[in-house]
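Heads up, the thing below is written out as structure tokens.
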There are 2 protein chains.
Amino acid sequence: MARERKYTDEDLFHATKQMIIADGYEAFTFSKLASVLNVSRGSIYKYYENKDELISEFLMYEMNRFLKKFNDLDKSGDFQTQFDLIITFIFEQSNIHQVVEIIPQIPISTTKRVEDNKSKLSEYYVDMYEQFQGFIELGRKENVIKNHIPTAVLLGMIFQTIAIPNHFGIPQAEWISSIKEILSHGMFEK
Amino acid sequence: MARERKYTDEDLFHATKQMIIADGYEAFTFSKLASVLNVSRGSIYKYYENKDELISEFLMYEMNRFLKKFNDLDKSGDFQTQFDLIITFIFEQSNIHQVVEIIPQIPISTTKRVEDNKSKLSEYYVDMYEQFQGFIELGRKENVIKNHIPTAVLLGMIFQTIAIPNHFGIPQAEWISSIKEILSHGMFEK
DNA sequence: TTATTAAGTGACACTAATGTCACTTTCGAT
DNA sequence: ATCGAAAGTGACATTAGTGTCACTTAATAA
């Protein structure tokens, strides 16, 4: 039919992810991306009209991947089992945090494809939130989670902890178990 | 002596802060700043050679302000009293988080002033860290803080919590007391 | 009043990125 | 072999930001 592509969508999204995690939304340019992929800038315009469109497609791809993996987690165990599973999972997927933070940075766009993607992304976001909400509900039903603390705070805490910078290079296992301990029973001895 | 200035350093740093918090380091330009301050771009070059220099000066100013205020806190009470005081303080200064995150984003510069500021900033950072470390030590001495959890994790958790986005608009007082509760005694009932 | 001096301006040359498009390449189907 | 179609290129015009500088403006000390 036509000639072979020099790079797959996966290549492109992978490079995009690295660049965005390293330098943020504004620093991302077609010029840099093209040079990373060893293609001409012009060829990227064959698939994406501009940076907003490319990034919104990338975010769709990432969110999809994350939600699929999350859905594949074993939901049969009791709350404690799921808590351990989910914390570990979130730390494995720790860059999802930097990814979702990009969403609100996409400016109000002129092109339909971008706006469609943005609204789909917020649906994904709600979807994800509801899944985690279900998990918190389970904890409340089993009387493990304190009832007087709002769900938004609980989820916020859990998600925010994955972004704590481990400046001092504490080993991953100790790092995660310490955080799990604080989330469960706090910093205090008593 | 000479004509009056149209804007003070404070004006300039305030505008810079707003712009950086809203859109990040890369999106900051002299053009936008000048138009916010209603002056010509050229006049800003009278004081700062370029964006890196301006932002490094801004960060110095912010860190100084933060450390002064922190030093003014009452350090006489027991751990519990100081814990409450410090958490409240950190929430009041919640944008310090976005500010310190800018520091590593300043590229390796050619000008001496920028490099000097960067090294002073890392001194400030160490200074701040040591202050908080002292606070954690107190908690350990009073046997309030769990001894087996590394200080880096404890401080990381405390600092990260101020950045949790309160999407659902939970009232500030409830928000802070919930977070304090989790940090102290965890999410779990038992 | 006027000389001095710092503050501020806007035009100029430069750089880096954008978006477009006619053109070339390479594949497979006919 | 050759044609159609998608992939890829590089040159061009455009836009947005940078850094510089001769010049104008306005305060004030003499």
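Here is how names work: the chains are called A, B, and so on, in the same order as the sequence lines, proteins then strands, and each is numbered from 1.
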Would you check if the distance from the ring center of B:Phe135 to the ring center of B:Phe70 is below 6.0 Å? no

[X] [atom1] to [N] [atom2]: how many Å, rounded?
X: A:Glu53; N: C:dG19; atom1: CD; atom2: P; value: 10 Å
X: B:Asn50; N: C:dT15; atom1: CG; atom2: C1'; value: 15 Å
X: A:Asp11; N: D:dG8; atom1: CG; atom2: P; value: 11 Å
X: A:Met19; N: C:dA17; atom1: CE; atom2: P; value: 10 Å
X: B:Ile44; N: C:dG10; atom1: CD1; atom2: C1'; value: 14 Å
X: A:Tyr48; N: D:dA7; atom1: OH; atom2: C1'; value: 14 Å
X: B:Asp9; N: C:dA7; atom1: CG; atom2: C1'; value: 13 Å
X: A:Asp23; N: C:dA17; atom1: CG; atom2: C1'; value: 16 Å

Testing A:Leu12, A:Ile55, A:Thr111 one by one against A:Tyr48 for a side-chain contact (heavy atoms from CB on, under 4.5 Å), which residue passes? A:Leu12

No-hydrogen, no-angle side-chain donor-acceptor test under 3.5 Å, B:Ser35 and B:Arg41: no

Charged N-O contact under 4.0 Å between A:Glu115 and A:Lys118: yes

For atom [atom1] of [X], is the number of surrounding heavy atoms from other residues, nucleotides or ligands below 6.0 Å larger than 12?
X: B:His185; atom1: NE2; value: yes
X: B:His97; atom1: NE2; value: yes
X: A:Glu10; atom1: CD; value: yes

Please name all residues satisfying salt bridge (Lys or Arg N to Asp or Glu O under 4.0 Å) with B:Glu62, sequence neighbours left out, ordered by chain then number. B:Lys17, B:Arg65

Under 4.0 angstrom between B:Lys6 side-chain N/O and C:dT9 OP1 or OP2: yes

If each of A:Arg41 and A:Tyr47 is mapped to the nucleotide of DNA chain D with the nearest heavy atom, which maps nearer the 5' terminus, i.e. the 5' end? A:Tyr47

Of the listed nucleotides D:dA7, C:dA7, C:dT9, the one nearest the side chain of A:Arg5: D:dA7

For DNA chain C, which residues of residues 26-38 of chain A approach it to below 4.0 angstrom with any heavy atom? A:Thr29, A:Phe30, A:Ser31

Determine the contact category for B:Tyr7: base if any of its heavy atoms lies under 4.0 Å from a base atom, sugar-phosphate if only primed atoms, P, OP1 or OP2 are that close, otherwise nothing. sugar-phosphate

Which pairs, protein N/O on one side and nucleotides 21-25 of chain C N/O on the other, fall under 3.5 Å?
| unit_1 | atom_1 | unit_2 | atom_2 | d |
| --- | --- | --- | --- | --- |
| C:dT25 | O2 | A:Arg3 | NH1 | 3.0 |

If you draw the axis of the six-membered ring of A:Tyr7, does the NZ or CZ of A:Arg5 fall within 45° of it and under 6.0 Å from the ring centre? yes

